[in-house]
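Accompanying notes for the structure given below.
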Amino acid sequence: MDSAINVQLYLISKNLMAIKHMNKIIYLKVFLVTCIIFAFTLWLSNTMSNQKLKELSDLENQISLNILSTETRFSLLEKTSCEHLVDKKDSRIGFNDELTALAKKVKFMENQLGLKNKNVNSIKEYYTLLQIKDYLLSKEFQSRCGERSYSLLYFFDNECKDCSKQSVILDAVSQKYPQIRVYWFDKSVSTPALDTLISLFNISKVPSLIIGDKLYDGMQTLEKIENYIPETKVWIMDSEAQSNVATTTKS
Amino acid sequence: MISSFDTIYTVLLFLAIYFQVFFLFVFFENKEELEKKLSSLDESRLPSVSFIIPCFDEENTVCRTLESILKLDYPNSLLKIIVVDDGSQDNTWQSLSVYKSHPQITLKKQSNRGKAEALNNGLKEVTTDLVVSFDADTEIRVNALKEIVNKFVVDEKIMAIGGTVLIQNPKTMIQKAQSIEYKMFSFTKKMLGLMGAVLVVPGAFSVFRREVFDIVGGYKNAHNLEDVEMTLRMQKHGLKVDHCHTAFVLTKGPESMKKLFRQRLRWCCGFIENLKDYKYMLFNKKYGDFGFFTLPLNLFSYIMIIFVFFLGLYKISLFFQEKITEFLLVGFTNFDLININWFFIDVRVSSLLSIVMLMFILIGIILGKKTSRASMSLWSVVCFIFIYSFLAPLWILRSMYNSILSVKTSWR
């Protein structure tokens with residue numbers, strides 16, 4: 001009884017303690033600061049992405065310039081021999097190495113910004129055109145000068161399941177055989193030139209490969225592709241012979 | 001699916017950063033108070049103190065615990081110890097017999113009824129101004145009691161104060177990881193203390209005014225987590241609860257992964273069950289920062305840990321899946337060396353926010369080190385990150401599983 005009264009008195013004497021303090025302003029302030037941090041990262045992310053996109057379009061312009069210059073040399077030297085056309089630095093013509101490097105970057109940006117991003121799409125369109133141009137140019141060079149290089153056209157889109165596997169295989173192909181030029185055409189890019197190319201080769205399915213003007217649809221394994229291009233055996237033998245020479249000279 | 005995952009992750013990161021910024025705000029607002037040295041106590045005004053030590057099978061540690069308390073820098077006449085043996089099956093009672101006739105120590109024995117009942121049993125004997133709940137496997141630093149008592153003397157409104165628990169001589173990797181965890185959380189606990197929104201005054205070492213138990217009642221079993229429940233009840237009654245970052249006790253901590261997992265499962269299950277019992281406090285204006293900050297923070301941290309765990313698993317499995325299909329399709333190719341080209345750095349908002357969050361965690365660790373005034377080796381930090389990043393999600397998931405299952409059984 002006594003203690004109960006004591007507790008009551010105690011509570012009354014300390015009635016302040018029952019009021020919980022809650023400083024609403026700090027909640028707002030913290031929210032504001034968090035928003036500022038968020039806005040800053042958003043801005044940073046945007047700026048860096050734009051920087052990358054700019055780098056890509058610069059690269060494309062560079063390649064386009066290169067193509068234009070080669071074309072011009074083609075027209076100028078129509079009647080002369082092929083030797084003039086072949087650069088002294090590397091015996092191959094075309095710009096496929098740069099295009100491959102570009103392909104990786106375009107793919108990365110597509111993953112980062114999503115498939116629907118306008119900037120990425122316009123870069124992809126441009127990239128597709130450059131590939132077609134490069135393909136035509138190297139074909140002309142082959143027919144005129146008989147250079148022994150192979151073109152492989154690969155048609156895919158982002159939804160098809162086998163395409164991701166096929167892409168892995170083609171990555172390996174271009175790594176193993178630098179002599180083969182692989183062109184990557186995303187069917188979902190709608191540009192008139194690509195549409196023409198698709199109807200020209202009668203592409204209906206994805207994945208589809210064009211090797212030496214012949215259409216192969218459905219997934220093609222590495223072995224199959226090697227069989228379609230008989231020269232691969234020669235190239236492998238050549239590279240083995242070369243590495244043998246290298247080891248013998250070393251020893 | 002990936003993009004919606006990414007959106008959720010971004011929102012969670014926003015909230016996580018919100019909580020971190022909040023802590024920093026509290027820190028900078030109270031910077032002076034944290035560094036302020038307390039004036040020396042007037043010895044004649046010191047309150048009397050009783051330690052209640054429930055023990056169950058603690059034959060190896062209880063004597064050392066008692067010795068550390070007897071060595072405290074506090075007048076003997078004001079210091080009492082009540083040891084309650086909760087039906088130990090080992091030689092605890094025999095080892096305690098040394099203290100049978102000690103003037104400051106009272107020994108009690110009960111049949112095994114659990115920690116909460118043992119504490120209540122001890123409370124019956126209390127006649128002092130302050131009551132300390134203390135664990136039998138814990139040792140106290142010489143100045144710890146005075147540090148806390150000082151706060152009670154200075155601020156009359158404070159009703160309970162939790163001390164800082166650290167790991168004693170961490171030896172195994174598991175203990176080293178815990179030692180970092182305890183130090184790290186001394187910062188967040190202090191910040192919550194400054195807000196008057198402490199989640200738990202630890203059973204290992206916390207000090208109460210005796211009146212607390214008259215106001216809110218004695219201990220309850222509370223899903224084997226009596227200290228959290230006691231704190232929830234004090235917060236519910238609007239009592240002022242603080243944390244003292246300068247009063248240290250040292251505990252052993254589970255030495256193996258299995259024991260740690262079992263301990264945390266008990267804590268986590270207990271917390272979830274108690275939160276269910278007190279769910280009306282969540283986002284309730286009446287309970288101030290406790291309802292609006294502490295409880296949501298703890299709930300959120302569970303969600304975040306589990307989300308990050310699954311995101312990590314998903315990313316890792318995706319990576320291996322890619323590598324395996326690659327291997328099956330084309331065999332071993334020359335692996336691309338890691339591209340250091342800046343172009344391939346991920347600059348999406350979510351990954352930039354992750355970096356910001358990591359920075360905040362780092363700041364948290366540094367401030368924790370500062371508040372606990374302890375050293376941290378890099379190796380221990382690595383142990384902590386490695387062990388907790390996969391163990392914590394497991395005990396949280398298991399507790400949620402247990403919690404959901406028990407709801408089903410109680411419905412039947």
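Chain letters run A, B, ... following the sequence lines, proteins first and then strands; every chain starts at 1.
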### Query
Does Tyr18(B) reach the main-chain N or O of Tyr27(A) with its side chain, forming a donor-acceptor pair under 3.5 Å?
yes

### Task
Would you confirm whether Gln112(A), through its side chain, and Val347(B), through its main-chain N or O, come within 3.5 Å as a donor-acceptor pair?
yes

### Query
Take atom NZ in Lys133(A); do more than 12 heavy atoms of anything else shown fall under 6.0 Å from it?
no

### Summary
Separation between CD1 (Ile169(A)) and CD (Glu326(B)), nearest 0.5 Å, reads 10.5 Å

### Query
Considering only heavy atoms, which portion of Phe19(B) lies under 4.5 Å from any heavy atom of chain A: side chain, backbone, both, or neither?
neither

### Query
So how far is it from Leu352(B) CG to Asn46(A) CG, rounded to the nearest 0.5 Å?
10.5 Å

### Residue-level contacts of residues 354-366 of chain B with chain A, using a heavy-atom cutoff under 4.5 Å
Val356(B), Phe360(B)

### Task
Determine which residues belonging to residues 30-38 of chain A lie within contact range of chain B, meaning some heavy atom pair is under 4.5 Å apart, and list them by number or answer 'none'.
Val30(A), Phe31(A), Val33(A), Thr34(A), Cys35(A), Ile37(A), Phe38(A)

### Message
Any heavy-atom pair between the side chains of Val330(B) and Lys176(A) that's under 4.5 Å?
### Response
no

### Proximity breakdown for Gln20(B) and chain A, heavy-atom pairs closer than 4.5 Å
neither

### Task
Tell me, yes or no, whether the heavy-atom count around Lys233(A) atom NZ, taken from other residues, nucleotides or ligands under 6.0 Å, exceeds 12.
yes

### Message
To check you understand the geometry: which heavy-atom pair defines the closest contact between Phe343(B) and Phe108(A), and what is its length?
### Response
O-CE2, 3.3 Å

### Task
Go through Met109(A), Lys52(A), Met48(A) and name the one with the most non-hydrogen pairs under 4.5 angstrom from chain B.
Lys52(A)

### Query
What parts of residues 216-229 of chain A touch chain B if we use heavy atoms and a cut-off under 4.5 Å?
Met219(A), Leu222(A)

### Query
Got a sec, which residues hit salt bridge (Lys or Arg N to Asp or Glu O under 4.0 Å) with Lys165(A), two or more places apart in sequence or on another chain?
none

### Task
Measure across Leu353(B) and Thr41(A) and return the closest heavy-atom pair with its distance rounded to 0.1 Å.
CD2-OG1, 3.5 Å

### Task
Could you grab the distance from atom CD1 of Ile26(A) to atom CE of Met195(B), nearest 0.5 Å is fine?
6.5 Å

